Amino acid sequence: MRFSSKFANTFSRATRAKWAVVLTFLVISASSTLTASAAATDTKDDVKKLIKEAAKLTRAGLMPEAEEKLRKALAIDPNRTDTKVELAYVLVKQRRLGEAYEICYPIVLAEPRNARARSVLGAMLISAGQFQDARRVLYSAIALDRNEDLAWAGYGMLDFYENRLAASYANLLQAVYLSPNEPDYLFALAQVSARAERYKEAAEAYSDFLSVSKSTDADRRARIIGLISFLKFLGGVGNLYVNGSNEQTSVNFELVGNRPIIKLRINDNEEPLRFVLDTGSGISVLSEDVATQRKIKAVAKGGHARGIGGDGRFAIVYGLLKKVRLGDVSIRNVPVYIRKFHTDGQSGGQTVDGYIGLALISKFLTTIDYGNLTFSLTRKESDRKEFTDSNVGSQPLRLTSSGFLSGQVEIQGVDSKLNFIVDTGASVSVISDRVSRTEGVSLFSNDERLRVVGAAGVTEDVPTFLLPKVTFGTHSRDSIMAIALDLDTINEASGFEQAGILGGNFLKNYKLTFDFRNSKVTFVPVKAEKE
């Protein structure tokens, strides 16, 4: 704009100086605003980058590294709830459930339409074994956003643990459809497919898992490669655990070291073998010495399984028994682990040849009567109906990812219920070392130390506790001896936290009937049974 000379002359030097200051201020302010805006954009981009990097690390199974990225993102912007939610998820995967809850629950309250936060809270509740609460939370997450893949996966795992395999399979398929490159979903789908006897599909899902997983755990990959080989083998065998004779049987057992030992025959050999009835094992186990003697060869192998004792690991070798005869019942095509057995001194001076796992007996209504020392199997629907109609005092059971039976137990001195594996193969009950350190339990420690023999070897000098009262359902026992062990190896594969093992020193006081189809067990005190 050009000023007229008259106007220019009247525009005093003082006025021009004043406007020069104003214009300079405006330029500086604009520059500052642009700089601040650019800085905010850079900060936002930095946080997004860190969250994205953390997601890649989480999928690769590198949880400490993912946590570090997310904490850096929160240091930049402490108010971003999406960062907090993902941090809570990483903490859940590390089984740091208390920390995850403290982060995630306030977000769920403050943002009632945040489906991702609800899904992470649901995953945390599953890990804690709070299944009813988890189901409600996950249902609300799906109602808010039907594309929330973590909620579908959580729902699928709930169904898996509660033995609703068809629903579990369908929900996990939906999770994989929504997020096909998420390794956890593929791994869970493989587990469900295997338990549902879809062996070829399970092998494919495990193969897909390996193709998308960037896990640096070489032994885990070796373990899964061996499992894929075994599943492909089973897919060519046909049906497993086929009942080839009578629908029911009852046999006597020895009770040695609080463990039921049952005689059975394998393949066409008439010489009986001594097997421990082991509800703490998903698959049956055969001694490598017996496998050599009976010329039972490995059909697949790879990696190491995790167990109690020794260094916590043992080599995985798979075999297949053509036939197992238990009393009048004959069962064909029985998969087994083949492994070295460690001397336990609890078998009446005789060796133990194997362990009867849950999969072998799960198609039957199964009764273990510690009072009369009898073990019974039945597939008759009339017997099952009579049991179902009369089992008013039955207690629910859950199946862990690794195939254990789990129920809720109360210990005097601990306020909340705890998940315990129900294990007829354990001579003595167990509490986790975490539980043993709590104020309500540490008071009951003993001076006595024990030698513990597990699947992975021997552990010496194990601390013991005399628990004043242990309750399962409506049944309680006083003064129960328990040993304290690190159960991390079990919890890494169980899917939800196990705080202990309910062993033979508790179970021997009852007649137990397991309804695997409906995931229930009844306890009848043996004295009351005799009366």
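Note that the structure is a prediction, hence the values are computed from the model and not measured.
Within a 6.0 Å radius of OH in Tyr241, more than 12 heavy atoms belonging to other residues, nucleotides or ligands are found. At most 12 non-hydrogen atoms from other residues, nucleotides or ligands lie less than 6.0 angstrom from OH of Tyr105.
In this structure the side chain of Ser519 never reaches within 4.5 angstrom of the side chain of Arg164, judged on heavy atoms. Side-chain atoms of Leu320 and Phe233, non-hydrogen and from C-beta on, do get closer than 4.5 Å to each other. Using a 4.5 Å heavy-atom threshold, the side chains of Val285 and Asp278 count as separate. For the pair Tyr89 and Lys93, the minimum side-chain heavy-atom distance is below 4.5 Å. Glu410 is not listed as a side-chain neighbour of Lys469, based on a closest heavy-atom distance of 4.5 Å or more. Residues Tyr370 and Asn509 form no side-chain contact, since every pair of their non-hydrogen atoms from C-beta on lies 4.5 Å or further apart. Considering only heavy atoms from C-beta on, Phe514 comes within 4.5 Å of Leu397 through its side chain. Leu125 has its side chain within reach of Leu121: a pair of non-hydrogen atoms, C-beta onward, lies under 4.5 Å apart.
Atom NZ of Lys511 and atom CZ of Phe523 lie 13.5 Å apart (nearest 0.5 Å). Of the inter-residue distances, the one linking Ser429 atom OG with Ile421 atom CD1 reads 12.0 Å to the nearest 0.5 angstrom. Of the inter-residue distances, the one linking Arg220 atom CZ with Ile225 atom CD1 reads 12.0 Å to the nearest 0.5 angstrom. Rounding to the nearest 0.5 Å places CD of Glu182 at 13.0 Å from CG of Leu189. Residue Ile356 holds its CD1 atom at 5.0 Å from CG of Leu326, rounded to the nearest 0.5 Å. Note that CG of Asn171 is 6.5 Å distant from CD1 of Ile142, once rounded to the nearest 0.5 Å.
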Does the side chain to side chain contact (heavy atoms under 4.5 Å, CB included) test come out yes or no for Ile361 and Phe375, once each step is laid out?
-> CA-CA 11 Å; Ile361 59 176; Phe375 173 69; 4.1 Å; yes

Could you please spell out the steps behind the side chain to side chain donor-acceptor pair (under 3.5 Å) verdict for Gln498 and Thr400?
-> CA-CA 9 Å; Gln498 303 301 311; Thr400 69; over 6 Å; no

Check against side chain to side chain contact (heavy atoms under 4.5 Å, CB included), Lys363 and Ile331 | CA-CA 10 Å; Lys363 290 181 170 33; Ile331 303 168; over 6 Å; no

Just do the side chain to side chain contact (heavy atoms under 4.5 Å, CB included) check on Tyr155 and Arg135 with the steps written out, would you?
-> CA-CA 7 Å; Tyr155 230 83; Arg135 190 172 290 279; 3.3 Å; yes

Report the C-alpha distance between Glu162 and Phe160 in whole Å, list the side-chain angles of each, state the deciding distance to 0.1 Å, and finish with yes or no for side chain to side chain contact (heavy atoms under 4.5 Å, CB included).
-> CA-CA 5 Å; Glu162 295 178 341; Phe160 182 38; over 6 Å; no

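Between the Thr438 side chain and the Arg434 main chain, no donor and acceptor come within less than 3.5 Å of each other. With hydrogens and angles ignored, the 3.5 Å screen pairs no side-chain donor or acceptor of Asp369 with any backbone N or O of Thr374. With hydrogens and angles disregarded, a donor-acceptor distance shorter than 3.5 Å links the side chain of Ser140 to the backbone of Val137. Judged by distance alone, the side chain of Arg398 and the main-chain N or O of Asn419 form no donor-acceptor pair under 3.5 Å. A distance-only check finds a donor-acceptor pair linking the side chain of Ser168 to the backbone of Gly156 [under 3.5 Å]. Within the 3.5 Å criterion, the main-chain N or O of Phe516 finds a donor-acceptor partner in the side chain of Asn163. A side-chain donor-acceptor contact under 3.5 Å links Thr279 to the backbone of Thr424. Side-chain atoms of Trp152 never come within 3.5 Å of backbone atoms of Leu173 as a donor-acceptor pair (strictly under, hydrogens ignored). When atom types are taken as modelled, the side chain of Asn333 and the backbone of Asn239 share a donor-acceptor pair closer than 3.5 angstrom. Here the side chain of Asn258 pairs a donor or acceptor atom with the backbone of Ser427 at under 3.5 angstrom.
When only modelled atom types and interatomic distance are considered, Thr522 and Ser394 share no side-chain donor-acceptor pair under 3.5 Å. The closest side-chain donor-acceptor pair between Glu201 and Tyr169 falls under 3.5 angstrom.
Across all their heavy atoms, Ala100 and Met124 have their closest contact at CB-CG, 4.3 Å. Leu240 and Pro335 make their closest contact through CD1-CG, 3.6 Å (heavy atoms, listed as atom of the first residue, atom of the second, distance). Residues Asn114 and Leu144 come closest through the heavy atom pair N-CD1, 4.4 Å. Nearest heavy-atom pair across Ser284 and Gly357 is OG-N, 3.0 Å. Residues Ala151 and Leu138 come closest through the heavy atom pair CA-CD2, 3.8 Å. Taking every heavy atom of both residues into account, Gly154 and Ile126 meet most closely at O-CD1, 3.4 Å.
Ring centroid separation for the pair Phe187 and Tyr206 comes in under the 6.0 Å cut-off.
Salt bridge annotation for Glu111-Lys84: absent, with no cationic side-chain nitrogen under 4.0 angstrom from a carboxylate oxygen. A salt bridge between Glu67 and Arg96 is present, with a side-chain N of the basic residue lying under 4.0 Å from a carboxylate O of the acidic one.
Looking at residues two or more places apart in sequence or on another chain, you find a side chain to side chain contact (heavy atoms under 4.5 Å, CB included) between Val470 and Val409, Leu467, Ile480, Leu502, Phe506. Listed by chain and number, the residues in a side chain to side chain contact (heavy atoms under 4.5 Å, CB included) with Glu204 amount to none (sequence neighbours excluded).
Note: Phe230 and Tyr318 have parallel aromatic rings, judged against thresholds of 30 and 60 degrees for the angle between ring planes.
Among residue pairs with one or both ends in residues 113-123, those qualifying as salt bridge (charged side-chain N to carboxylate O under 4.0 Å, His left out) are Glu86-Arg116, Arg116-Glu148; sequence neighbours excluded.
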